[in-house]
Asks: 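Sharing a structure below in C-alpha cells format, with a few things to ask.
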Amino acid sequence: MSEADQLKALRVRIDNLDERILELISERARCAEEVARVKMAVLKPGETPVFYRPEREAWVLKHIMEINKGPLGNEEIARLFREIMSSCLALEHPLRVAYLGPEGTFTQAAALKHFGQAVISTPMAAIDEVFREVVSGAVNFGVVPVENSTEGAVNHTLDSFLEHDIVICGEVELRIHQHLLVGENTATDRITRIYSHAQSLAQCRKWLDAHYPNVERVAVSSNADAARRVKGEWNSAAIAGDMAAQLYGLSRLFEKIEDRPDNSTRFLIIGNQEVPPTGDDKTSAIVSMRNKPGALHELLMPFHENAIDLTRIETRPSRSGKWTYVFFIDFLGHHQDPLIKDVLEKIGQEAVALKVLGSYPKAVL
Ligand SMILES: O=C(O)C(=O)C[C@]1(C(=O)O)C=C[C@@H](O)C=C1
C-alpha cells in the first residue's frame with residue numbers, strides 16, 4: 001500500500017474512534033446532568049447543593065491512572081480526564097474561582113491544572129483579596145500559593161489564615177519553569193534591565209549571576225506584570241513562565257533558567273466546604289502552644305508516637321502578642337480518621353489554641 005493509502009485508512013479509523021469517543025463523552029455528560037438533578041432532589045429547605053466533589057474527582061483521576069495501559073502516560077491521560085470532568089461539572093453548575101492574579105501568573109496555571117479550563121476564573125490583585133472573595137461567597141473557591149521548594153513559605157498566605165475563617169479543600173503542585181522572555185523589539189545584546197517577581201528573581205539568582213551579572217534586577221508585583229512591561233521597552237527582559245509569555249506575545253531567549261531543576265510551588269484551594277475522607281488525605285492546622293520550654297516537643301510527640309507523617313511545620317508571629325508564635329502544620333491523614341482524632345485531642349489538651357484548617361485529598365496530578 002502507498003503511504004497515501006495507509007494514511008487514508010488510518011484516518012478513517014481515527015474518524016470512527018473519534019465518533020465513538022464523542023458518543024461516550026456525551027453520554028458521560030448526560031450522566032453528570034442526572035447527578036445534578038439527584039443532588040438537587042435530596043436538598044432540604046435552606047440547603048444549597050454541593051456540585052463540586054473534590055474527593056470524587058481525586059478518586060476518578062487515580063482510578064484512571066491505575067487502569068491506564070498506555071501508550072499515553074498517566075499524567076497525560078489524567079489531564080484529559082481532568083478536562084472532561086471540568087466540562088461535566090460546568091454543565092451541572094459552573095464553578096467560580098478567584099486566584100492571585102493578574103492573568104498569566106503561575107497561580108492561574110495552578111487553578112486551571114486543578115479545576116480544568118471550564119471554570120470561571122477571576123484574577124485578584126492580592127492574596128488577601130482572594131480570601132475575602134471566598135469568605136463573602138462571591139466565588140466558590142480561591143487558589144493561593146503557599147510554599148515554593150526553593151524559596152520556602154509564602155507568608156502572606158499563612159498570615160491570611162489567621163485573619164479569615166476558611167476551609168482548605170485541596171492542594172495542587174506545579175513544576176515551575178522560568179524563562180528569560182523578550183519582545184519582538186528587544187535588542188537582545190543590549191539588555192540592561194530584567195523584571196520579575198522577587199520570588200522568581202530569587203529562584204534564578206545563580207543563573208542571573210552567571211549570565212547577566214551587571215544587569216539591573218527589578219522586582220515587580222508579579223511575573224505577568226514583568227512580561228507586560230517588556231512589551232514597551234527595547235532594552236529589558238522578563239523572567240516568567242509560559243502563560244505570561246503567551247499572554248504578552250513574548251519569546252523565550254533562554255528556557256528553564258531556574259537554579260533548581262525540581263523547582264515547584266504548592267498552592268492551596270480555599271473554600272467553605274468540608275471534604276470527606278478519600279483514604280489518601282492531608283490535614284492542615286494552626287496550633288498555638290504555651291510559651292514554655294518543651295512546647296514544640298509536646299506538639300511533635302503525638303505525631304511521633306502514632307507514626308503520623310508530619311509533612312510540614314512553619315512558624316509565624318501570632319499577631320496577638322510580642323514574641324509569641326503559631327505553628328502551621330501539615331500531616332498525612334484526615335481529621336475524621338480515628339487515629340488523627342486522638343492525636344488532635346492530645347495536642348488540643350496542651351495547646352492554647354488549635355484550629356483545623358481542613359482535610360483534603362493529596363494532590364493527584
Ligand atoms: O460524582 C459527582 O458528584 C459529580 O458531580 C460528577 C463529577 C464527574 O464529572 O465525574 C463532576 C463533578 C464533581 O466534582 C465530581 C464528579
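Fair warning: this is a prediction, and the values are worked out from it, not measured in the lab. Count residues from 1 along the sequence. As the structure lists them, so they are numbered: ligands from 1, and atoms in each ligand from 1.
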Asks: If you round to the nearest 0.5 Å, how far is OG of Ser284 from CD1 of Ile270?
Replies: 12.0 Å

Asks: Ligand 1: which protein N/O atoms lie under 3.5 Å from its N/O atoms?
Replies:
residue: ligand 1; atom: 3 (O); partner: Lys39; partner atom: NZ; Å: 2.7
residue: ligand 1; atom: 5 (O); partner: Lys39; partner atom: NZ; Å: 2.8
residue: ligand 1; atom: 5 (O); partner: Glu92; partner atom: OE1; Å: 3.3
residue: ligand 1; atom: 5 (O); partner: Glu92; partner atom: OE2; Å: 2.5
residue: ligand 1; atom: 9 (O); partner: Arg28; partner atom: NH1; Å: 2.8
residue: ligand 1; atom: 10 (O); partner: Arg28; partner atom: NH2; Å: 2.9
residue: ligand 1; atom: 14 (O); partner: Arg53; partner atom: N; Å: 2.9
residue: ligand 1; atom: 14 (O); partner: Glu57; partner atom: OE2; Å: 2.6

Asks: For the ring pair Phe267 and Phe106, is the centre-to-centre distance below 6.0 Å?
Replies: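 Centroid distance Phe267-Phe106: not below 6.0 Å, so no.
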
Asks: Restricting to ring-ring contact (aromatic ring centres under 6.0 Å, His included), what partner residues turn up for Tyr212, sequence neighbours left out?
Replies: Trp207

Asks: With Arg229, which residues qualify under side chain to side chain donor-acceptor pair (under 3.5 Å), at least two apart?
Replies: Asp225

Asks: Can you tell me how the ring of Tyr52 sits relative to the ring of His114, calling it parallel under 30°, perpendicular over 60° and tilted otherwise?
Replies: perpendicular

Asks: Please report, to 0.1 Å, the donor-acceptor pairs under 3.5 Å made by any side chain of residues 346-356, with sequence neighbours excluded.
Replies:
residue: Lys355; atom: NZ; partner: Asp165; partner atom: OD1; Å: 3.2

